[in-house]
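Take a look at the structure below.
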Protein chains: 2
Amino acid sequence: MNDTPQDAETFANICKALAHPARIRIVRYLKAVDQCICGEIVQILPLAQSTVSQHLKILKTAGLVRGEVEGPRTCYCLDREVLEQFKKMTAAI
Amino acid sequence: MNDTPQDAETFANICKALAHPARIRIVRYLKAVDQCICGEIVQILPLAQSTVSQHLKILKTAGLVRGEVEGPRTCYCLDREVLEQFKKMTAAI
DNA sequence: ATCGTATATCGTCGAATAACGATTAAAGGA
DNA sequence: TCCTTTAATCGTTATTCGACGATATACGAT
């Protein structure tokens with residue numbers, strides 16, 4: 001791992017995406033079930049659908065999660081590659 | 001590592017503390033020099049003294065950094081224990 | 001006792017976050 | 001075709017963040 005300001009920014013961005021308990025729980029859930037639709041997560045978390053959708057968007061923007069539309073629903077899964085990258089960066093702190 | 005909502009909150013809190021490039025750079029710097037005073041960090045970062053002090057406070061509150069007053073200055077260092085804990089939690093995601 | 005240095009804290013401001021309900025969009029089924 | 005389901009987006013509101021300058025505090029040195 002590098003140690004440039006840019007690198008710090010990259011790492012900070014992923015941390016930011018994970019800096020909310022709901023998003024941690026989403027990531028863990030996805031890890032456990034491999035993939036699921038948004039509504040499933042809404043069931044699990046004590047949050048409104050729109051709020052969950054927003055959290056998913058944040059995780060997606062950070063690259064940690066991918067979603068693909070399947071008819072009226074969207075199937076979400078972890079991007080394990082990105083997650084591994086993050087783990088490596090963390091280990092290198 | 002556990003997988004409770006409380007655990008998610010704990011982890012999210014540390015992520016939040018690291019969710020800013022300046023704070024990442026502070027942690028890395030402390031890792032490299034082992035310990036230093038606030039002014040040293042002010043030199044390194046393109047931020048005002050008060051801003052750096054604030055970032056240090058956030059890191060301290062999260063437990064990642066400890067500071068002990070030495071006369072008119074404060075000597076900061078990493079809490080390697082907490083950092084290791086965070087690394088383990090991250091690896092367990 | 002005063003001055004200078006080093007930090008922390010306060011107050012402020014704009015920007016970003018988090019949450020929600022309401023609305024919209026896009027299928028799929030009746 | 002119309003209704004239902006699912007999810008995304010919009011608009012709003014309250015809160016938090018990030019940055020700064022100014023001020024306060026605490027020592028050490030003169």
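Model, not experiment: these values are computed from the prediction. Residue numbers begin at 1 in each chain, while the letters A, B, ... track the order of the sequences.
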Quick one: list whatever passes side chain to side chain donor-acceptor pair (under 3.5 Å) with B:His55, sequence neighbours left out.
B:Arg23
Suppose we screen for side chain to side chain donor-acceptor pair (under 3.5 Å). Which residues come up paired with A:Glu40, at least two apart in sequence or across chains?
A:Tyr29
Under 4.0 Å between any heavy atoms, over every strand shown, what does A:Leu56 touch: base, sugar-phosphate, or nothing? Just pick one.
nothing
Set of salt bridge (charged side-chain N to carboxylate O under 4.0 Å, His left out) partners for A:Glu68, sequence neighbours left out
none
Within the 4.0 Å limit for protein heavy atoms, which parts of nucleotides 22-30 of chain D are touched? Write it as a string from 5' to 3', B for base, S for sugar-phosphate only, - for none.
B----SS--
salt_bridge(A:Asp7, B:Arg28) N-O dist < 4.0 Å
yes
Atom pair distance, as rounded to whole Å: CG in A:Leu59 and P in D:dA8:
12 Å
Please report the distance, rounded to the nearest Å, between CG in B:Leu47 and P in D:dA19.
5 Å
For B:Lys31, check salt bridge (charged side-chain N to carboxylate O under 4.0 Å, His left out) against everything at least two apart and list the hits.
none
With the side chain counted from C-beta on, respond yes when B:Ile26 and B:Leu45 share a heavy-atom pair under 4.5 Å apart, and no when they do not.
yes
Residues in side-chain contact (heavy atoms from CB on, under 4.5 Å) contact with A:Ala48, at least two apart in sequence or another chain
A:Ser50, A:Thr51
Measuring to OP1 and OP2 of D:dA8, would you say a side-chain N or O of A:Ser53 lies under 4.0 angstrom away?
yes
NA contact type, B:Thr51, heavy-atom cut-off 4.0 Å: base, sugar-phosphate, or nothing?
base
Length of the CD-C1' vector between A:Gln43 and D:dT5, whole Å:
13 Å
Taking only residues two or more places apart in sequence or in another chain, which ones pass side chain to side chain donor-acceptor pair (under 3.5 Å) with A:Glu81?
none
Quickly work out the B:His55 NE2 to D:dG18 C1' distance and round it to whole Å.
6 Å
So, is A:Tyr76 close to the D:dA8 phosphate, meaning a side-chain N or O under 4.0 Å from OP1 or OP2?
yes
Assign each of A:Ile58 and B:Thr74 the nucleotide of DNA chain C bearing its closest heavy atom; nearer the 5' end lies the nucleotide of B:Thr74
Residues in side chain to side chain donor-acceptor pair (under 3.5 Å) with A:Glu70, at least two apart?
none
With sequence neighbours excluded, give me every ring pair (Phe, Tyr, Trp, His ring centres under 6.0 Å) pair touching residues 74-93 of chain B.
B:Phe11-B:Phe86
Please give me every residue in residues 9-24 of chain B whose heavy atoms get under 4.0 Å of an atom in DNA chain C, ordered by residue number.
none
Partners meeting side-chain contact (heavy atoms from CB on, under 4.5 Å) with A:Val27 (sequence neighbours left out):
A:Leu18, A:Leu59, A:Leu78, B:Ile93
First-last contacting nucleotides on DNA chain C - partner chain B, under 4.0 angstrom, heavy atom
C:dA6 to C:dT9
Just to confirm, is there a sub-4.0 Å distance from OP1 or OP2 of D:dT9 to any side-chain nitrogen or oxygen of A:Lys57?
yes
